Amino acid sequence: MTTLNKTNRRDFLKITSMTGGGLLLGFSWFSAEAEVPVIVTKTNFAGELGFNSYLSIGTDGTITIFSPNPELGQNIMTSFPMVVAEELDADWTKVKVIQAPLDTTKFDRQLTGGSGAVPHSWKRLRNAGATARYLLIAAAAKQWDVNAADCTASNGFVIHTSSGKKLGYGELAEEASKMTVPADVPLKNRKDFKLIGTSVRNVENKKIITGKPIFGSDFHREGMVLAMIQRPPAFGTKIKSVDAAAAKSMPGIIDVITFKNNVAVIGKTTWEIMKARKAIKIEYEKDGNIESTSDHDQLFISLLNSDNATVRRKDGDVDMAFKNAAKIIKSEYQCPFIPHNPMEPMNFFADVREDGVELVGPTQTPASARTATSKLLNIPEDKITVEITRLGGGFGRRLKFDYVVEAAEISSIIKKPVKLIWSREDDVMGGSYRPAVRYRFEAALDNIGNLIGYKLRGVGINVNNSTREDNFPSGAVDNLLIDTVEHISPITTGAWRAPVTNFLAFAEQGFIDEVAMAAGKDPVQFRLELLQKAKAKPVGAIKYNIDRMETVIKQAAEKSGWGTKKGVSQGFSVYFSHASYVAQVCDVEMKAGKPVVKKIVAVSDCGEVINKSGALQQVMGGIVDGYGHAMFGKLTFRDGMPAQKNFGEYRMIRMKEIPDIEAHFVNNGIDPTGLGEPALPPTGGAVANAIFKATGTRLKNQPFIDEPPFKTTPTKAF
Amino acid sequence: MPIFKLQVNGKEYTADVAADTPLLWVLREHLGLVGTKYGCGIAQCGACTVLLDGNAVRACVMPVSAIKASKVTTIEGLSEDGDHPLQQAWDEVDVPQCGYCQAGQIMTAAALLKRKPKPSSQEIDDAMNGNLCRCGAYHRIRDAVKLASTKI
């Protein structure tokens with residue numbers, strides 16, 4: 001594991017001494033004014049540092065950079081150093097990246113979520129690289145006694161243009177470390193980018209494909225024990241009694257402890273713990289509402305008619321618009337709870353000792369995990385270290401730190417280092433789901449098909465605001481009302497990749513299609529007309545960029561051959577989420593009377609694309625994720641208990657079910673706006689709209705597989 | 001507890017475990033070979049796939065007592081230097097996202113290519129359909145298997 005654990009700390013010091021006279025730059029992840037890097041000498045580097053992160057160039061030319069954000073497959077460990085290397089004109093093969101541990105004194109926003117890491121760090125990383133390059137050129141110019149302006153840098157060398165003399169960065173590092181850091185270093189013109197925008201392979205590929213221990217579940221510490229927890233199987237219940245006598249006497253079992261609503265089995269090996277867990281007798285009693293999916297279906301109907309909604313946005317006079325309407329369209333859409341199901345179930349290592357706490361494992365929010373642990377154990381945060389391993393997927397699940405705190409609590413009770421592991425069943429049944437929601441849309445058209453009124457009510461379970469009230473078509477409709485009603489349930493929910501928009505976009509884009517049909521307009525043209533109206537005569541605040549949305553719509557229509565294909569039914573969808581824009585066209589063909597999703601064309605505007613390979617992964621993976629969950633994702637409840645517990649009953653998309661995907665990027669040179677999530681939201685709508693075109697049946701509920709025209713043909717997962 | 005002799009990646013190991021212990025946990029917790037992953041424990045996701053005499057099996061449901069003299073190959077033993085054609089192809093195509101399922105994907109593909117060095121697209125999909133990738137890297141997994149088949 002390339003993190004700063006005890007062994008690696010020695011490597012780290014080795015790097016330092018190897019760097020010796022090399023160049024070491026500290027740079028800040030915090031405020032804008034602190035973006036200017038400072039040179040750090042060996043002396044103050046070895047001690048407590050006044051800088052936030054570092055970029056070092058060793059005398060052998062090795063370039064090392066810390067990557068602060070947790071890596072869960074968004075490829076941040078590759079894209080961050082690419083930005084530095086670009087401005088530095090480094091030889092990419094000499095760049096090394098190290099996962100940094102949690103350090104809130106050095107890093108800002110050390111979390112993975114909201115597609116925000118690259119936008120946040122873009123300028124800081126560029127500045128660091130450009131400053132080092134400037135210093136290396138200055139060092140070479142001094143050595144050659146020439147003007148720095150007559151020198152250039154390329155692929156790890158400084159070159160004197162007229163004489164052709166060249167020196168490697170490693171050779172110049174020591175001299176460069178003695179130069180004064182300029183206050184303002186010019187950044188490259190994007191047309192000169194050589195690395196940014198190309199395809200660079202994941203820096204951890206080799207470790208992944210040879211099975212190196214890089215994940216949290218692979219972590220091992222001499223003397224540690226393992227633990228699993230039996231949590232209440234139904235939401236709304238608590239422990240009444242525990243009989244663990246039989247389990248305690250089973251082979252390999254060290255102890256069985258009860259804390260809060262948990263019964264933890266502590267043992268030497270996972271299999272022995274799994275077996276002992278089955279031997280514990282636990283009685284549960286009611287501790288809140290015991291809810292079933294059938295209750296929720298009823299509940300949604302009543303919430304949609306509630307008089308007690310929270311108004312999220314109101315423009316003009318909707319009542320008047322609907323009174324004057326020539327045509328009114330009403331429609332309801334629903335999405336179920338779904339678990340995140342990262343392939344690596346939750347796990348964390350904790351060692352709570354007298355002198356402090358050591359935490360190691362996969363988390364998207366190391367800082368929050370530490371704060372929670374500090375509060376639980378009443379131990380100051382500066383006595384708690386958090387080492388971040390690679391995450392076997394996250395999808396928002398590891399934004400919650402319940403499993404970190406559980407591990408810490410067990411370790412504090414048993415006074416031993418412990419690795420807590422969740423089974424897949426624990427993971428599926430353990431809560432923090434994407435919330436279940438239902439939407440009611442109403443649209444008013446005038447007699448020439450103009451959208452004059454729009455109403456959206458979102459009702460949901462533990463979702464708070466189930467809408468994004470400022471998203472399109474807000475701003476393009478004179479009379480608009482968006483409100484929400486919330487139900488509080490014992491079933492826990494959390495952020496799930498592209499929170500809210502992962503289901504809202506499907507509903508909104510499906511409904512917009514319905515309205516376009518009712519207005520007798522082409523769905524693409526209808527959206528463009530609304531955007532034109534928002535531009536010419538904006539209504540209220542507009543919080544999306546009309547031009548960027550227009551561009552992805554037009555390009556997706558063009559690239560997909562919108563409206564020109566024979567024998568193919570196409571569906572359109574476009575969505576703005578986080579800070580990026582993605583339009584998608586889905587192609588459906590009929591085969592033996594059934595719709596088959598053949599292809600999805602996506603045009604994404606995420607600003608500058610840093611790593612083409614990584615960007616394609618995010619778009620293609622996001623579409624597979626969006627399509628797979630819209631098609632199959634469903635977690636239902638019977639008496640507070642999840643009815644699906646593992647991949648046998650919970651269906652996830654497999655290779656044979658994926659459509660072809662063609663991904664394009666606008667690449668307009670805008671500073672990067674993030675891509676971990678934005679490709680997912682539009683997919684469900686594009687698919688549903690294409691299936692409507694092909695079959696005349698409009699899919700309004702997820703998962704699609706339970707709806708006609710699919711329902712009649714049950715298929716096996718494999 | 002009985003002591004089981006195991007042939008793993010060309011080496012002989014012994015494990016002192018209960019007879020019903022799945023091979024997965026023996027590999028991970030007794031032999032220190034953690035490249036083989038736990039994903040579901042019920043043979044539905046394929047993250048634990050290893051080779052048993054060259055055939056792909058799910059280590060999470062394979063009791064150690066059933067192994068007997070069969071030769072086990074895990075991701076750690078697929079090649080000497082991580083340069084099996086599949087591993088090369090996986091890097092070239094840049095398959096991994098989170099990476100957690102990839103050892104199982106590669107082992108499933110290794111069994112396929114052993115049995116069928118030039119599989120058709122349909123045969124690749126048939127073989128790989130049992131392995132879940134939650135990041136949705138299926139297109140590249142498919143491409144990498146195709147590429148590897150040209151290197152064998």
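Naming convention: chains lettered A, B, ... in sequence-line order (proteins, then strands); numbering from 1 in each chain. Predicted model, so just to flag it, every value in this text is computed and none were measured.
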Run the salt-bridge test on [X] and [Y] with the 4.0 Å N-O cut-off and return the result as yes or no.
X	Y	answer
Asp218(A)	Arg390(A)	no
Glu344(A)	Arg397(A)	no
Arg277(A)	Glu425(A)	no

Which residue out of [options] racks up the most heavy-atom pairs below 4.5 Å with chain A?
options	value
Gly35(B), Gly136(B), Cys98(B)	Cys98(B)
Val17(B), Leu33(B), Ile42(B)	Ile42(B)
Gln87(B), Gln122(B), Glu76(B)	Gln87(B)
Val95(B), Ile141(B), Asp126(B)	Asp126(B)
Gln105(B), Arg140(B), Met128(B), Lys37(B)	Arg140(B)
Gly82(B), Cys133(B), Ala103(B), Cys40(B)	Cys40(B)

(message) If I measure from the heavy atoms of chain B, does Tyr627(A) come under 4.5 Å with its side chain, its backbone, both, or neither?
(response)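 Contact with chain B involves no heavy atom of Tyr627(A) at all.
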(request) Examine whether an atom of Pro659(A) lies under 4.5 Å from a heavy atom of chain B, and if so say whether it belongs to the side chain, the backbone or both; otherwise answer neither. (result)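 Backbone only.
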At a heavy-atom separation under 4.5 Å, does [X] approach chain A through its side chain, its backbone, both, or neither?
X	answer
His84(B)	neither
Ala137(B)	neither
Leu78(B)	neither

Can you tell which of [options] has the highest number of heavy-atom pairs within less than 4.5 Å of chain B?
options	value
Asn75(A), Ile653(A), Asp660(A)	Ile653(A)
Ile421(A), Leu226(A), Val624(A), Asn646(A)	Asn646(A)
Val428(A), Leu72(A), Thr210(A)	Thr210(A)
Gly394(A), Gly393(A), Gly252(A), Ser613(A)	Ser613(A)
Gly614(A), Pro342(A), Ser217(A), Gly628(A)	Ser217(A)
Arg201(A), Arg424(A), Glu272(A), Glu71(A)	Arg201(A)

(request) For the residue pair Tyr403(A) and Asn347(A), establish whether any side-chain heavy-atom pair is separated by less than 4.5 Å. (result)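 A side-chain contact is absent here, since even the closest heavy-atom pair is not under 4.5 Å.
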(request) Check whether the ring centres of Trp496(A) and His629(A) lie less than 6.0 Å apart, and answer yes or no. (result)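 Trp496(A) vs His629(A): aromatic centres under 6.0 Å.
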Atom pair [atom1]/[atom2] of [X] and [Y] - distance to nearest 0.5 Å:
X	Y	atom1	atom2	answer
Ile124(B)	Lys116(B)	CD1	NZ	11.0 Å
Cys101(B)	Ile208(A)	SG	CD1	10.0 Å
Asn502(A)	Leu680(A)	CG	CG	6.0 Å

(request) State whether a side-chain donor-acceptor pair under 3.5 Å links Thr108(B) with Asn131(B). (result)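 On atom types as modelled, these side chains qualify, holding a pair under 3.5 Å.
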(request) Please assess Leu23(B) against Phe4(B) for the test side-chain contact (heavy atoms from CB on, under 4.5 Å), listing each intermediate value before the final yes or no. (result) CA-CA 11 Å; Leu23(B) 176 62; Phe4(B) 293 94; over 6 Å; no
(request) Please indicate whether Lys11(B) has more than 12 foreign heavy atoms, meaning atoms of other residues, nucleotides or ligands, lying under 6.0 Å from its NZ. (result)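 Atom NZ in Lys11(B) is not packed in, count stays at 12 or less.
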